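These notes concern the structure reproduced below.
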Amino acid sequence: MKITIYGWSIRLCGVSDDRSKAPLAVFDLDNTLADTTHRQEFLQRTPKDWNGFFSAAPQDPPVPEGIALVRERAGECEIVYLTGRPERCRRDTLEWLAAQGLPEGRVYMRRDADRRPARFTKLEILRRLARTREVRVLVDDDELVCADARRAGFTVVRADWVTRSAEMKAAQEREGRT
């Protein structure tokens, strides 16, 4: 980083304000940073209540293990959030991230009508990010996303600190909803 004091330009060694060169740490949201346990009941109904499920997201409590990891990685990486939540949830998602005091970062969300499994949509975005930047780590709770990302050569931390219901697992892996 270069600063100017009284007309003198000083370069601080080892410190850079250019985050465009920092490696990326990519974090999932649901059950990685945000505990969705309280809203999984919406997925146990027939038919599933997707509006209720996503409307309750602003009340998600933070997951301490995930929050600590994102803050730790922010010291060396630019943070990117990669979620299977639909685009219509962007405002609530950004407000939730800010309310948790999490580092700012780009947020990639699923298009509203995209129902492909998360392992396809997320891997597509990871590969796109990796074309121009080092993706240092992906942190995600979905075992299929993690397995596919590992096979593609990414370093992965599986967020196994929140128990997913069978309905949540189906939503992520088969239904393309989160």
Side-chain angles (χ1 to χ4, degrees), residues 24-70 73 79-129 135 137-152 154 156-178:
L24 303 175
V26 181
F27 284 83
D28 173 47
L29 294 177
D30 292 337
N31 293 326
T32 299
L33 300 178
D35 185 344
T36 68
T37 305
H38 72 101
R39 57 187 168 110
Q40 291 180 27
E41 69 183 76
F42 292 103
L43 304 181
Q44 296 167 351
R45 302 173 183 170
T46 305
K48 292 180 169 107
D49 180 0
W50 290 106
N51 287 332
F53 178 78
F54 289 117
S55 293
Q59 286 77 47
D60 288 353
V63 178
E65 297 89 342
I67 300 296
L69 190 55
V70 76
R73 292 298 178 140
I79 301 301
V80 173
Y81 301 99
L82 175 58
T83 180
R85 293 178 184 186
E87 184 64 41
R88 70 179 181 274
C89 298
R90 180 169 292 277
R91 183 181 202 173
D92 285 344
T93 299
L94 294 175
E95 288 174 1
W96 187 90
L97 290 167
Q100 308 315 310
L102 290 172
E104 288 185 18
R106 290 175 283 168
V107 178
Y108 291 89
M109 304 181 86
R110 170 191 305 275
R111 289 185 317 272
D112 287 335
D114 188 346
R115 296 287 186 264
R116 293 175 295 155
R119 67 183 188 272
F120 299 130
T121 60
K122 288 183 176 183
L123 196 57
E124 179 181 292
I125 292 168
L126 281 172
R127 285 181 170 140
R128 190 174 349 135
L129 291 170
V135 175
V137 68
L138 166 68
V139 183
D140 201 297
D141 70 307
D142 186 322
E143 29 192 289
L144 294 180
V145 168
C146 291
D148 283 2
R150 270 192 200 97
R151 274 193 291 279
F154 293 99
V156 174
V157 172
R158 170 110 190 285
D160 58 1
W161 35 79
V162 175
T163 303
R164 293 184 303 161
S165 68
E167 292 80 12
M168 183 67 168
K169 188 173 182 177
Q172 289 178 316
E173 297 175 2
R174 289 193 304 275
E175 298 175 28
R177 292 290 192 147
T178 183

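In this text the structure is predicted, and so the values were computed from the model without any measurement. Sequence positions, counted from 1, serve as the residue numbers for this chain.
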For a 4.5 angstrom cut-off between non-hydrogen side-chain atoms, does Q100 reach V70? no
Least distance between heavy atoms, P86 atom then D112 atom: CB-OD1, 3.4 Å
Straight-line distance of F53 CZ to E41 CD, nearest 0.5 Å: 11.0 Å
Taking it one step at a time, do F42 and N51 satisfy side-chain contact (heavy atoms from CB on, under 4.5 Å)? CA-CA 9 Å; F42 292 103; N51 287 332; over 6 Å; no
Does the pair M109 and Y81 meet the rule for a side-chain contact (heavy atoms from CB on, under 4.5 Å), with working shown? CA-CA 8 Å; M109 304 181 86; Y81 301 99; over 6 Å; no
Kindly give the heavy-atom pair with the smallest separation between F154 and R127, and that separation in Å. CZ-N, 4.0 Å
side-chain contact (heavy atoms from CB on, under 4.5 Å) between L97 and F27, worked out: CA-CA 12 Å; L97 290 167; F27 284 83; over 6 Å; no
Might you point out which heavy atoms bring T32 and D141 nearest each other, and give the distance in Å? OG1-N, 3.3 Å
Any salt bridge between D60 and R85, counting N to O under 4.0 Å? yes
Distance, nearest 0.5 Å, that separates CH2 of W161 from CG of L33: 8.0 Å
If only atom types and distance count, is the side chain of R45 paired as donor or acceptor with the main-chain N or O of D49 below 3.5 Å? no
Nearest 0.5 angstrom please: W50 CH2 to R88 CZ, how far? 9.5 Å
Over 12 foreign heavy atoms within 6.0 Å of CD, E104: no
Can you tell me how far apart CD1 (I79) and CG (L102) are? Round to the nearest 0.5 Å. 9.0 Å
Below 4.0 angstrom, N of the basic side chain to O of the carboxylate: do D140 and R119 qualify? no
E124 CD to L129 CG distance, which is reported to the nearest 0.5 Å: 11.0 Å
Smallest heavy-atom separation, A34 atom then V63 atom, equals C-CG2, 3.7 Å
One should read off an interatomic distance between D30 CG and D142 CG, to the nearest 0.5 angstrom, of 11.0 Å
Donor on one side chain, acceptor on other, N31 and T36, under 3.5 Å: yes
Any residue meeting side-chain hydrogen bond (donor to acceptor under 3.5 Å, both in side chains) with R90, in chain and number order, not counting sequence neighbours: E87
What one should report as the nearest heavy-atom pair of P62 and I67 is CB-CG1, 3.8 Å
Any ion pair linking R158 and D160 (charged N to carboxylate O, less than 4.0 Å)? no
Measure across P61 and H38 and return the closest heavy-atom pair with its distance rounded to 0.1 Å. CD-CD2, 3.9 Å
Checking R110 side chain against R116 main chain: does a donor-acceptor pair fall under 3.5 Å? yes
Under a 4.0 Å N-O cut-off, is there an ion pair linking D28 with K122? yes
